[in-house]
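This structure is in structure tokens; I'll ask about it shortly.
Lettering of chains follows the sequences in order, A, B, ..., and the numbering in each one begins at 1.
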Amino acid sequence: MSTSTSSAVKAAFDIEEIRAQFPILKELVHGKPLVYFDNAATSQKPRRVIKAESTYYATINANVHRGVHTLSTKATEAQEASRETIRTHLNAKHAHEVIFTSGTTASINLAANSLGQLLLKKGDEVVISGMEHHSNIVPWQLACERHGAVLKVIPISESGEWDFPSANQLISSSANRVRILAISHVSNTLGTINPVKELVAEAKKRGIVTVVDGAQAVPHLKVDVQDLGCDFYAFSGHKAYGPTGIGVLYGREELLEKMPPWQGGGEMIDQVTLEKSTWAKLPFKFEAGTPNIAGIIGLGEAIRWMNDYDLVAMAAHERTLREHATKELLAIEGLRIIGTAKEKVGVVSFVIDGVHHYDLGTLLDQQGIAVRTGHHCTQPLMERFGVSGTTRASFACFNTNAEVDAMVAATKKAVKMLR
Amino acid sequence: MTQVGTIDQAQDEVIDEFLFFKDWQDRYEHLIELGKDLPLIAPERKTDDNLIRGCQSRVWLFAELKDGSIHFSADSDSMITKGIVSLLVRILDMRRPAEVIKISLADLYSIERIGLREHLFTTRSNGLVAMLDQMKRYAVAYSTQA
């Protein structure tokens, strides 16, 4: 398995060359070619990622950091090479600032539990935004409940963006009680790219610890945690061409050192007596138990795979898809796009008068087109826009304009059937 | 008043009807049409108590006992879901509670045969399973009165 850093970035963006690497794109659904537009839920995987996982199991499977035998050494090396790949990709200062978790949800729960214990006292405040995924709401509600803190919410504008002045006002409350700001980099439902760097800078001036949910950003944007200036950054492997069940919590060393461990078990200890234990060094203090070694190796390979391409060209391709879809969909009578921010990733969320999203999703599926319908785990946001759910098409680098045309035609057909 | 014919006879009739349609579009169009025949729940009964909770579409279901048989009425904000409830009602309406209690998902072979297999999964939010469960709960409740 390749653990070397990638060769030169591929010069041209060749969509056919990219598509050829995704075996699943050859599948038929209801006898029709699969059009996969549910990448914000989980992306498809290139062959290299699938192979990296299976090669691990077939050739070097062993537990990490424990054995003295050769396989254990090789597995440990492959795992730590992935950590280094991710460190480089996020531009973190240290590899030990990269903590492996089971996904964004686990990353945020770790942050909320451990930071909550370190920072939150009765009457303190945690600020989130009104467009958060439930996994960046509920862990903070629980933490606030445990410590008697209060959750404050940044309001969302009609275009699906933070109301920045209100956000600023919330974090600069005169009582100075805000301890944590937890916000998403990119909205999973709307695709909005939030001005995270600007708000983090405001928070930092006031000593507020910042946690960024980057689940929807890492697959589409070049993320630099030092440039963003955030203290924590969470993402999942499976939305970024990697395996399921693996994610990352980046945390700034200084804070990670101060934070208490969240889960206890093997791998995370230094010494254990029956009276008291002492903790292992970073990152292991936060990685109790045998990690998802195959997933870590697969995630490392996914990030290497992405870096073989010009990420800017990839983003430009996804932007073309989004603009094309937006224009064509808007020609359908009674169709309204939810989320019209200027800066968006390849996500188009929409509602159609007189058409239930569940019906549309079902009829699109019959035509081989996979979209997500419903509230997308953002019920407060749905309430904000006064809808019970939307139909969401979310694009990845392997999608094409021809697929967008197929979705638009299929949508028109479905609407005709439903009206 | 009870339904003429057995549950299986009602299902076979549904299958015959659907087998007439060759492609998905005709099948779904027919399902949507069937939804329009659903005995609608009275507006005042469209309450949260009668709502079958699912995260995608809303289904209200109500049942009353008349002459020892159960009569269902329902509604949904999704046309496809409405079609599916309508199928279930067609098969299970106007039967003795004891008959409805006995029915399991596996007994509803017609659903798979007419190409609506994807609606059978319990994980699917508009699971037919939840609807069937609710119908059976009514049957259990009325079984003591029938």
Check your understanding: Nearest 0.5 Å, what's the CD-CG distance between A/Gln366 and B/Asp23?
Key -> 10.0 Å

Exercise for review: Taking atom CZ of B/Arg113 as the centre, report whether more than 12 heavy atoms of other residues, nucleotides or ligands fall under 6.0 Å from it.
Suggested key: no

**Study point:** A/Arg336, CZ atom: more than 12 neighbouring heavy atoms under 6.0 Å
**Key:** no

Review point. Would you find more than 12 non-hydrogen atoms of other residues, nucleotides or ligands less than 6.0 Å from B/Glu17 atom CD?
Key: yes

Exercise for review: Quick one: pull up CD in B/Gln25 and CD in A/Gln367 and give me the separation to the nearest 0.5 Å.
Suggested key: 7.0 Å

Exercise for review: Verify the neighbour count for atom CD of A/Glu333: are there more than 12 heavy atoms of other residues, nucleotides or ligands below 6.0 Å?
Suggested key: no

Review point. Listed by residue number, which members of residues 411-419 of chain A have a heavy atom under 4.5 Å from any heavy atom of chain B?
Key: A/Lys413, A/Met417, A/Leu418

Review point. Is a side-chain donor or acceptor of A/Asp359 paired with a backbone partner of B/Ser78 at a separation under 3.5 angstrom?
Key: no

Check your understanding: Measuring heavy-atom distances to chain B, does A/Leu363 have an atom under 4.5 Å in its side chain, in its backbone, in both, or in neither?
Key -> both

